[in-house]
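To find a chain, count down the sequence lines: A is the first, B the second, and so on, and within it residues start at 1. Since the structure is predicted, the reported quantities are computational estimates derived from the model, not experimental observations.
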2 protein chains.
Amino acid sequence: MSPDFLPTLRQRFGQQCSTAAALCEQHGSDEGSITAPPPMAVVFAESTQDVQDAVRLCAQHGVPIIAYGAGTSLEGHLLAVHGGISLDVSRMNQVLQVHAEDMTVTVQPGIRRKALNEAIKDLGLFFPIDPGADATIGGMTATRASGTNAVRYGTMRENVLALQAVTASGDLIRTGNRAKKSAAGYDLTRLLVGSEGTLGIFTEITLRLHPLPEAVRAATCTFASIADAVHTVIETIQMGVPIARVELLDAATVGMVNRYSQLSLREAPMLLMEFHGSPAGVQEQVEQVQAIAAEHRAQDFEWAETPEERTRLFTARHNAYFAGVQSRPGSRCITTDACVPISRLADALLESVQDAQDSAIPFFLVGHVGDGNFHFGYLIDPDDATERDRAEQLNHRLVSRAIAMDGTCTGEHGIGIHKQDFLREECGDGAIAMMRAIKAALDPLGILNPGKVFAA
Amino acid sequence: MSPDFLPTLRQRFGQQCSTAAALCEQHGSDEGSITAPPPMAVVFAESTQDVQDAVRLCAQHGVPIIAYGAGTSLEGHLLAVHGGISLDVSRMNQVLQVHAEDMTVTVQPGIRRKALNEAIKDLGLFFPIDPGADATIGGMTATRASGTNAVRYGTMRENVLALQAVTASGDLIRTGNRAKKSAAGYDLTRLLVGSEGTLGIFTEITLRLHPLPEAVRAATCTFASIADAVHTVIETIQMGVPIARVELLDAATVGMVNRYSQLSLREAPMLLMEFHGSPAGVQEQVEQVQAIAAEHRAQDFEWAETPEERTRLFTARHNAYFAGVQSRPGSRCITTDACVPISRLADALLESVQDAQDSAIPFFLVGHVGDGNFHFGYLIDPDDATERDRAEQLNHRLVSRAIAMDGTCTGEHGIGIHKQDFLREECGDGAIAMMRAIKAALDPLGILNPGKVFAA
């Protein structure tokens with residue numbers, strides 16, 4: 001890197017550019033368990049032109065550039081492992097265009113999911129994708145995020161219609177359009193969704209919205225065993241019930257959530273469910289699932305009768321990560337994120353529970369189980385290297401188990417730094433070679449978030 | 001090309017390789033309106049190894065290779081515009097694996113959609129994607145096909161879970177897995193879906209299946225004007241009614257279909273609808289749509305009461321293309337395939353109807369209007385160059401209209417040769433440059449179906 005780089009950057013961006021140590025530290029870390037030295041500077045982009053100029057300067061000087069939204073990723077996506085700068089897009093947080101009659105919205109990448117939903121709620125529409133964190137839409141697009149509603153509404157893969165993005169050379173491209181389907185050329189939209197900032201930086205994102213359901217009901221239901229809960233889910237999905245949310249928590253995790261969120265849920269393996277539809281449709285779904293649950297010796301459903309109660313329950317579920325970490329003071333969490341075909345969910349979960357119990361490492365267990373997606377959080381002492389090793393081994397066995405069942409090493413968190421070996425195990429060398437060829441073709445200088453997805 | 005190529009090919013493939021003129025002619029054309037000289041040979045692949053060996057031989061000799069399924073594409077996808085060989089995969093037509101409990105199936109690329117549905121029907125499952133032709137799953141994957149059920153079940157984009165493919169160097173890769181969602185690396189599956197044989201040749205395809213609906217009802221309904229029919233569809237979609245199929249035919253097209261398929265449908269602008277769900281759910285949908293249609297002065301719904309009647313109606317709809325061509329003996333059809341956001345459907349359709357009527361060229365009009373997708377078929381005299389020009393101008397204006405409405409030049413047929421200028425108009429130079437960079441990286445010799453999507 002030439003000594004001119006930082007002065008040139010400062011000249012172009014003035015007050016939007018900072019090298020303050022605390023700011024760089026904050027931008028060089030995420031909510032995962034890996035650390036690295038911080039980026040050398042943070043640039044706050046306020047426009048598409050800013051993004052283009054920052055990328056062009058980095059290209060001219062061969063400096064890595066890492067797009068930053070809310071800092072909530074979990075697999076080391078934001079770490080400046082090859083140095084460079086952080087490009088913070090959180091100020092680009094506007095809703096640009098709403099087409100309520102088509103149920104689409106175009107936003108800047110820095111808007112957060114809750115702010116987006118607040119902005120559109122009076123239209124009778126919502127954006128369903130809800131990772132635990134209040135992430136930015138840009139970050140969610142970059143990691144192909146999903147969350148509790150994905151079982152019914154799909155993930156970012158299904159809900160991003162079009163993109164405007166800055167390429168590694170600083171050029172602006174548009175992919176996709178607002179038509180519901182298209183057979184026009186290579187699906188660049190889907191290629192960029194989940195590319196973790198390594199192929200382009202988003203400046204506009206067009207999303208599909210959904211009508212707020214006419215009727216919503218939510219319930220919890222506890223079971224004598226995790227197996228009973230999981231089999232209830234499997235049969236619900238196999239019956240084709242269009243359930244909107246179905247989350248699993250094991251007994252210990254319910255206890256952690258109770259203490260963190262001041263709830264008094266029964267501490268047993270629990271499903272947390274939500275049903276969307278017409279009043280008659282919701283009633284039909286509820287009856288189907290109650291019948292299935294009864295066959296698996298479920299306790300009665302406990303209904304959250306008001307919107308506030310529903311929000312409280314799902315907020316508590318979204319805070320399970322923090323509830324888990326708080327349950328072991330001073331701990332750091334190693335989170336898993338496997339996803340398997342629904343028929344293998346019981347095997348994948350129960351073997352992994354047994355393995356975790358045998359390890360004696362405290363853990364929590366939650367899952368978007370309707371998708372076959374589940375998360376263990378291993379709560380390790382960050383100063384105990386052997387504990388970290390054992391947790392990583394637990395994670396490795398869990399992932400290998402999922403891959404052997406024709407599943408994936410990550411349902412929604414992405415690869416980042418942490419899962420590169422797992423990606424190879426899952427995809428094989430041929431697919432990795434194809435990904436690398438695409439990366440080399442689209443970013444020949446390797447400046448876009450290098451060292452993520454695969455080693456630079 | 002070296003003179004060794006054909007002898008080497010014959011030596012490897014023996015009876016599976018033919019240079020018979022009629023066979024080459026057949027493999028060098030599709031159901032579209034463009035012609036080109038035929039490929040020099042046809043190789044019938046019977047295994048993944050055959051595909052790999054054929055691609056490797058072509059790579060060694062720099063010879064183009066064009067995968068061929070059922071020959072039903074519409075935009076010149078199969079034409080040997082740069083010479084080379086046709087690789088016919090129709091003998092690779094086996095169902096390899098069914099996981100009924102996960103609703104997935106893995107097939108070879110040469111199986112046709114009707115044969116697939118026949119093979120799985122006893123499982124209570126079906127594969128919904130239904131382009132007019134009885135195409136192969138490989139071809140449907142390559143063109144990102146959809147059809148009448150896409151409004152509810154999505155297109156090949158949403159229904160292909162995983163692929164095994166042979167790359168331009170003859171290597172075998174696997175993309176995706178059977179988990180319902182994944183955030184693992186670049187979405188190579190979605191990149192290959194719709195790549196029209198230019199990035200790889202499929203050898204195995206894993207698809208999502210759907211439960212056969214408990215209740216199905218189908219109806220036709222006629223209107224005083226196309227506008228009334230279209231506004232009924234727009235409001236149905238905007239209300240969130242999960243209608244399974246909603247097809248539009250204009251009055252003249254209903255007449256053509258009546259004559260071709262021996263039906264006696266009322267010759268007026270018509271919607272052909274199908275509702276899937278539980279009995280109560282279907283009843284609810286029907287009542288909602290009937291109420292909307294009544295506001296637009298619809299005639300009464302006429303119900304197809306038996307499965308046979310339903311099949312007869314939708315078969316007639318699928319044969320609209322042939323009905324149209326037969327309505328003007330000796331004609332050739334230039335088919336359009338625009339798709340727009342649903343709120344713009346009436347504008348796009350009615351302006352294009354007016355334009356076509358002004359031209360005095362006979363045409364038919366059908367559409368998967370729930371997706372905003374519609375097709376005009378301009379029936380031209382193939383010996384009249386000015387008529388072809390005028391039809392192409394109609395098509396050009398129609399596509400430009402759709403693009404200006406934030407729609408696409410092709411909802412489901414793909415780009416092939418015919419729509420390359422439209423693709424540029426729709427995507428802009430930046431996105432085309434990105435597509436070309438990907439093509440150059442993954443097929444540096446340019447042997448995989450060269451000259452399609454964009455000029456070689």
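Among B:Gly240, B:Gly200, B:Cys339, B:Ala338, the residue making the largest number of heavy-atom pairs under 4.5 Å with chain A is B:Cys339. Ranked by heavy-atom pairs under 4.5 Å with chain B, the first of A:Val151, A:Thr206, A:Asp171 is A:Val151. The residue among A:Gly185, A:Gly154, A:Ala437 with the most heavy atom pairs within less than 4.5 Å of chain B is A:Gly185. No other option in B:Arg144, B:Glu101, B:Glu214, B:Lys181 has as many heavy-atom pairs under 4.5 Å with chain A as B:Lys181. Between chain B and the options A:Leu192, A:Leu188, A:Val193, A:Leu161, the largest number of non-hydrogen pairs under 4.5 Å is found for A:Leu188. The residue among A:Gly194, A:Gly414, A:Pro213 with the most heavy atom pairs within less than 4.5 Å of chain B is A:Gly414. If you tally non-hydrogen atom pairs under 4.5 Å between each of A:Ala431, A:Gly124, A:Ala184, A:Gly407 and chain B, the highest count goes to A:Ala184. Interface check for chain A: of the options B:Ala100, B:Ala183, B:Gly430, the most heavy-atom pairs under 4.5 Å are formed by B:Ala183. Heavy-atom pairs under 4.5 Å with chain B were tallied for A:Ile173, A:Leu442, A:Thr410; the largest tally goes to A:Thr410. Contact count versus chain A (heavy atoms, under 4.5 Å) is highest, among B:Ala165, B:Ala179, B:Gly176, for B:Ala179. Between chain A and the residues B:Ala441, B:Pro211, B:Pro341, the largest count of heavy-atom pairs under 4.5 Å involves B:Pro341. Chosen from B:Lys452, B:Lys439, B:Met405, the residue pairing most often with chain A at heavy-atom distances under 4.5 Å is B:Lys439.
Both the backbone and the side chain of B:Asp102 come within less than 4.5 Å of a heavy atom of chain A. Interface residue B:Ile415: backbone and side-chain heavy atoms are both found under 4.5 Å from chain A. Heavy atoms of B:His99 lying under 4.5 Å from chain A are absent altogether. Looking at B:Ile342, both its backbone and its side chain come within 4.5 Å of chain A, counting heavy atoms on both sides. The contact between B:Ala150 and chain A is made by backbone and side chain atoms together, counting heavy-atom distances below 4.5 Å. Interface residue A:Asn373: only side-chain heavy atoms are found under 4.5 Å from chain B. For B:Met435, the parts lying under 4.5 angstrom from a heavy atom of chain A are both the backbone and the side chain. Both the backbone and the side chain of B:Glu412 come within less than 4.5 Å of a heavy atom in chain A. Heavy atoms closer than 4.5 Å to chain A are found in the backbone of B:Val340, but not in its side chain. With a threshold of 4.5 angstrom between heavy atoms, B:Phe422 does not approach chain A through any atom at all. Heavy-atom distances place no part of A:His210 under 4.5 Å from chain B, backbone and side chain included. Heavy-atom distances place the side chain of B:Arg157, and not its backbone, under 4.5 Å from chain A. Contact annotation for A:Met103: only side-chain heavy atoms (C-beta onward) come within less than 4.5 Å of a heavy atom of chain B. With a 4.5 Å cut-off on non-hydrogen atoms, A:Thr189 does not touch chain B at all. In this structure, the portion of A:Cys409 lying under 4.5 Å from any heavy atom of chain B is its side chain and not its backbone. For B:Glu284, the part sitting under 4.5 Å from any heavy atom of chain A is the side chain, from C-beta outward, and nothing else.
Residues A:His77 and A:His413 keep their aromatic ring centres 6.0 Å or farther apart.
We find that A:Arg344 and A:Asp347 are joined by a salt bridge, their nearest charged nitrogen and carboxylate oxygen being less than 4.0 Å apart.
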_Between B:Asp187 and A:Arg190, does the salt bridge (charged side-chain N to carboxylate O under 4.0 Å, His left out) criterion hold? Intermediate values first, please._
CA-CA 6 Å; B:Asp187 193 345; A:Arg190 250 53 58 180; over 6 Å; no
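Between A:Val166 and A:Thr203, some side-chain heavy-atom pair lies under the 4.5 Å cut-off. Between B:Ile432 and B:Leu423 there is a side-chain heavy-atom pair separated by less than 4.5 Å. Side-chain contact check for A:Val282 versus A:His276: every heavy-atom pair is 4.5 Å or farther apart. Residues B:Leu207 and B:Met156 are in side-chain contact: their nearest non-hydrogen atoms beyond the backbone lie under 4.5 Å apart. Put simply, the side chain of A:Leu163 does not reach to within 4.5 Å of the side chain of A:Glu204, judged on heavy atoms. B:Glu75 places none of its side-chain heavy atoms less than 4.5 Å from the side chain of B:Thr143. Taking 4.5 Å as the limit, every side-chain heavy atom of A:Leu199 sits out of range of all side-chain heavy atoms of A:Thr167. In this structure, A:Val241 and A:Ile237 have side chains that are not in contact, with every pair of non-hydrogen atoms separated by 4.5 Å or more.
For the pair B:Ser278 (side chain) and B:Gly281 (backbone), a donor-acceptor distance under 3.5 Å is present. Proximity of a side-chain donor or acceptor of A:Asn449 to a complementary backbone N or O of A:Gly197 within less than 3.5 Å is not detected. Checking side-chain atoms of A:Gln97 against main-chain N and O of A:Thr106 turns up no donor-acceptor pair under 3.5 Å. Remark: side-chain polar atoms of B:Arg174 are not paired, donor with acceptor, to backbone N or O of B:Ala162 under 3.5 angstrom.
Not counting sequence neighbours, A:Arg152 has no partner by the salt bridge (Lys or Arg N to Asp or Glu O under 4.0 Å) test.
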